[in-house]
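These notes are about the structure you will find just below.
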Amino acid sequence: MASSSPLPLHTTPNLNPSHSKPTKIKQTQSFKPTQKLHEENKSYFHQISSLCKQSQIKQAITLLTEMNLKDVQIGPEIYGELLQGCVYDRALSTGQQIHARILKNGGFYSTNEYIETKLVIFYAKCDLLDVANQLFGKLERKNVFSWAAIIGLCCRMGSHEKALMGFNEMHKDGFFPDNFVIPNALKACSALQMIGFGKGVHGYALKMGYDSCVFVSSSLVDMYGKCGLLEDAKNVFDEIVDRNVVTWNSMIVSYVQNGMNEEALKVFYCMRMVGVEPTRVTVASFLSAAANVEAGDEGRQGHAIAVISGLEVDNILGSSLINFYSKIGFIEDAELVFSNMFDKDVVTWNLLISGYVQQGKIEDALDSCRRMRSENFGFDSVTLATILSASAKVRNMELGKECHSYCVRNNLDSDVVVANSIIEMYGKCESTDKARRVFEKTIQRDLTLWNTLIAAYAESGLSGEALKLFYQMQLEGVPPNVVSWNSVISGFLRNGQVTEAETLFSEMQCLEIQPNLITWTSLISGLAQNGHGDRAIRYFQEMQNRGLQPNTVSIISLLSACINISSLEFGKAIHGYIIRSQLFSSLSIVTSLVDMYAKCGNLHLARKFYDTVNYKELPIYNAMISGYSLHGQAGEALEVFKQMQNEKTKPDEITFTGLLSACNHAGLVDKGLKVFSDMISEYQMKPSIHHYGCMVSLLSRCENLDEALRFVLEMPLEPDAQILGTILSACKEQNNIELGEYLSQYLFKMEPDNPGNYVALSNTYAAAGRWDEVLKLRNIMKEKKLRKNPGCSWTQIGTELHAFVAGDKSHSQTKVIYETLAWLEKEMRFTHQHNMYD
DNA sequence: ATAGGGTTAG
C-alpha cells in the first residue's frame, strides 16, 4: 500500500452552500486515504480509531507498537487518527512521540501530505507557533486545512496582521478560504478595526455561499459589532434563519459593547421568547447591560435564570454578577456571590474592591486589598488604578503616595490609566507640582492625561496655569476635546473669572467644538454662583432651545445653583421643566427639589414634595430636617427625625448637623443636649467640630456661658476660631469682659484679619460702657483696612450707646461718646437716632 | 464564532 500516492486531497473549497454545520463540511472535504487496506491493517485501524475517540491514546500507541512487531503495514490514516486524538486531548507530549515514530518510519510517512497536514494542525492547536510555522513552511503542497490551522494559530496568538496576510496569500495561491478560515479572518479584522477588509470578507462569504453557515454569520455579527457598525450587525443578524445561542449572544454583546444597553436587554428577551437556552455568555453579557443602565430588576432576573438553567458560576459569570450588584448599590449581594465562588482571580478581587470604592466604603476596599494579598494575589494595574482613584475621591494623599510608590516599585506606573490616576490623585489633593512631575515622566501622554493635568490645575484654583497647559497641548500636537475646554472654563468660573469663561465658551463654538451637557451645566451653575442668576437662566433657556435635554445630574446641579443664589424663581422654572419632561421618577431629583424649596424659602412646597415620596432615603430626610432647621422650626425637624427612626433609616452626620442647628436656632437647650448625647451613645458617632459648634453656640446664647465653656474645654477636638468667636459674641450679653479679652487674644492671633472678632469684642466693650476700648478697636480696624462683614452688627454698639447716654447724667465721657457716634454715623449711616442729644 | 475588572469635565 505504501507505494502509490494515497491522497485525493481537496485543494478547492466545497462550494455547496447547503451545509449549515461545519462538521458536515469537514466530512465532505475529508482527505483521508481511500485505498483498499490490508485486512489486518483494517482491523488495527478500527481498534486504534475507536481508542483515540475515547481519549485512550496510550493504549492506541501500544497497538501501534504491536503492529510494528508483527510487521503489519501501518497506513498513514492510522497516524492521522492518533494525531487527531492528541489534538482533541491537547496531548502535546504524546503527539510528539507519534511525530517521532513517523520520522523513524522514514521518508514516505514524513513526506506524506496527509500526515504533514495533520502535524501542522496538531502543533498549531497546541499553540507551538515556531514548530507549526516551520512544518508549514516546509510543506511541498499546502492545502485549505493547513492554511486554516496556521491562520487560526495566528489569531489565537494575536498576530492578526499575519492572519489576514495568510488569508490573502492562500487565496492568491488558489486555495479558497472556507467556513473554518472565514471566522478567524473576521476576528482579525475586528481586532485591527479593519472595516474595509471585514466587508471584503463578508462579500467573499456571500459569493461563496458560506453565509448560510451559522459560524460564518455569527462571526459577521460579531465583527460588525466590534467595529461599531451596529446597523450592519443587525442586518446580518436579521437575515440569519437558523440562529443558535452564539448568534444571539453575538448580537447582545455587540449592543453592550456599543453602549446600547437597552437594545441588548430587548434582544435577550426576544431570545427567551424564541426559547433558546441561555449560556454563561448570554447571562454575563445581559448582566453587563443591566449593570450599565442600573436595571436592578432585570439583572436579578438574569441571576435567577442562571440559577434555574443550572449554569456553573465560573470566574466570568461570577464577576459579571459582582459587577452588576455593586453597580446597583447592592454590595452585600456582590459580597455573597464573591464568597460563594471557589475559584477567584485578580479580576474577581478587583471587582469587589471597585464595588466598595463605588459605594464609598474605602476601608472595606483597603481591607479587601489586604485579604487579596494574604491569599497570594498580586495587585495589578487595575487594582492600583481603583485604589488610587479612591484616594483621590477622599483626598487621602498619604494613601495615594503609598499607592504611587507601589506602582513605581512594581513598574505599574508606565500604564497610562495608572499614571492618569496618580496625576488625578495629586491634583485632587491640590499638589499640582507632584501631579506635573508624574505627567512629565509619563512617556505616553494621551489626551486623557492632558485633560487630567488641566483639571488638576483648574480645580486647585490655578486657572491661568490650566489655560497655559491648554495651549501647550496644542503646541505638542494634541488637539483638545470638549473635556479639555470644559475643565478650563470651569476653572475660570471657580475663580470668579466669568468674562474669561464666557469668552472661551463662544470661542469653542467658533472652532466647532459643540458644548455638551457638562459645558452648559458648569456654565449655568458657575454664573449662578458668581451672582449672575438672571444670565444663568437665560443660558438654561438657550441650552433647551438648542435641543439639549438636561439629565438627572444637570438638573440636580441646576437646583443647587438656585440654592446658591436663593432664587425661588429660577427654582420654579426648573421645577416646571422637571414636570414637563417627566423626570419625577428619580428620588434624587425630588430630594433636590425639596432641598431647593426649603432653602429658597418655601417650606410649604418642600413639605408637599417630601410627602409624595413613599420610600424615603436618608438624603431626603436630611433635606427636610435642614429645611426646618433653617426656618427655626426645631419641633418639625425633630418630628422628621422620629419618622426616620420609625422607618429604620440610620442618620448620618448631616442629619445631626440639621437637628443640632435647628435646636440652636430655636434656643432649645434641653432638646439639643438630648440629640447630642443620643448621637454619641445611641448611634456611636463622633461629633465633628461643626456639631460642637452648634452646641457651644446654643449654650452660650442661652446665657449658659459656663456650660458652653465647659463644652469647649472638654471637646476631644481642637476648638477652631469659629467656636471661640461664638463664645466671644456671647460675652457681651453676659458682660464678661475678662473672658472676652482672653478669647480675643487667641482669636486675633488665629485670624488677624477677621473683622467679626473685632466687632464682637467691640460689642462686649460697648455693653460695659468701655467706649475708649471700642474706639481703640475701631482704629486698629482702620489701620488694617478691615471692612465689617455684612453679618456683623454694630447695632449693639448703637443700642448700648443710647442706653448709656440716657443714664449718664454727669456727661463724664461726652468727648469719647461724640467720637463714637460720629464714627457709627459714618459707618452705617446711623442717623435715625441723631437727635438723642437734643 | 460569543463572555468579566481600572482613567478625564458638571
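- Residue A/T519 is classed as having no contact, given no heavy-atom separation below 4.0 Å to the nucleic acid.
- Taking the side chain to side chain donor-acceptor pair (under 3.5 Å) definition, one finds that A/E500 meets it with nothing, sequence neighbours left out.
- Atom CD1 in A/I387 sits about 13 Å away from atom P in B/dG6, given to the nearest Å.
- Across all strands shown, A/V418 has heavy atoms under 4.0 Å from base atoms, whether or not it also approaches the sugar-phosphate.
- The listed nucleotides are B/dG4, B/dA9, B/dT8; the one nearest the side chain of A/N486 is B/dA9.
- For A/P183, counting side-chain heavy atoms from C-beta on, the closest listed nucleotide (B/dA1, B/dA9, B/dT7) is B/dA1.
- When the P atom of B/dG10 is taken as reference, atom CG of A/L504 falls 16 Å away, rounded to whole Å.
- Using a 4.5 Å cut-off on side-chain heavy atoms (C-beta onward), A/Y224 and A/K199 make contact.
- Under a 4.0 Å N-O distance rule, the pair A/R445/A/E476 qualifies as a salt bridge.
- Proximity of A/K226 to the phosphate of B/dT2: no side-chain N or O atom is located under 4.0 Å from OP1 or OP2.
- Residue contacts for A/N315: at a heavy-atom cut-off of 4.0 Å it reaches a base atom on one of the strands shown.
- Among the protein residues, A/T386 comes within range of the sugar-phosphate backbone only, with heavy atoms under 4.0 Å from sugar or phosphate atoms but none that close to a base.
- Rounded to whole Å, the distance from CH2 on A/W485 to C1' on B/dA9 is 14 Å.
- A straight line from CD of A/Q529 to P of B/dG10 spans 11 Å, rounded to a whole angstrom.
- Both the sub-6.0 Å distance and the 45° axial angle are not jointly satisfied by A/R272 relative to the ring of A/F286.
- Within 4.0 Å (heavy atoms only), A/V246 reaches at least one base atom of the nucleic acid.
- Contact of A/N244 with B/dA1 (side chain to base): a donor-acceptor pair of N or O atoms is detected under 3.5 Å.
- Residues A/W450 and A/F470 keep their aromatic ring centres 6.0 Å or farther apart.
- Contacts of A/S381 with the nucleic acid, taken as non-hydrogen atoms under 4.0 Å apart, include base atoms.
- Between A/K393 and B/dG6 there is no side-chain polar atom (N or O) within less than 4.0 angstrom of OP1 or OP2.
- The side chain of A/R280 lies closest to B/dA3 when the candidates are B/dG10, B/dA3, B/dT8.
- Contact of A/D345 with B/dG4 (side chain to base): a donor-acceptor pair of N or O atoms is detected under 3.5 Å.
- Side chain A/S319 to base B/dG4: a donor-acceptor pair is found below 3.5 Å.
- In this structure, A/N451 atom CG and B/dT8 atom C1' are separated by 6 Å, rounded to whole Å.
- A/M473 has its CE atom 12 Å from the C1' atom of B/dA9, to the nearest Å.
- Counting any heavy atom pair closer than 4.0 Å across all strands shown, A/S554 reaches a base atom.
- In this structure, A/F237 has its ring center closer than 6.0 angstrom to the ring center of A/W248.
- When heavy atoms are screened at a 4.0 angstrom cut-off, A/A385 is found touching base atoms of the nucleic acid.
- At B/dG6, none of the side-chain N or O atoms of A/Q358 fall inside 4.0 Å of OP1 or OP2 (strictly under the cut-off).
- Here the C1' atom of nucleotide B/dT7 and the CG atom of A/D380 are 14 Å apart, to the nearest Å.
- A donor and an acceptor atom never sit less than 3.5 Å apart when one is taken from the side chain of A/N249 and the other from the base of B/dA1.
- The listed nucleotides are B/dA9, B/dA3, B/dG6; the one nearest the side chain of A/K327 is B/dG6.
- Across B/dA9, B/dT7, B/dG6, the shortest atom-to-atom separation from the side chain of A/V483 is found for B/dA9.
- A donor-acceptor contact under 3.5 angstrom links the side-chain atoms of A/D415 to the base of B/dG6.
- Within 4.0 Å (heavy atoms only), A/S219 reaches sugar-phosphate atoms of the nucleic acid but no base atom.
- In the set B/dG4, B/dG10, B/dT7, the nucleotide with an atom closest to the side chain of A/T348 is B/dG4.
- In this entry the distance linking CD1 of A/I518 with C1' of B/dA9 reads 5 Å, nearest Å.
- Between A/N420 and A/T448, the side chains place no donor N or O within less than 3.5 Å of an acceptor N or O (distance only, hydrogens not considered).
- A/L447 comes within 4.0 angstrom of nothing in the nucleic acid, heavy atoms only.
- In terms of polar N and O atoms assigned as donor or acceptor, the side chain of A/T521 comes within less than 3.5 Å of the base of B/dG10 in a complementary pairing.
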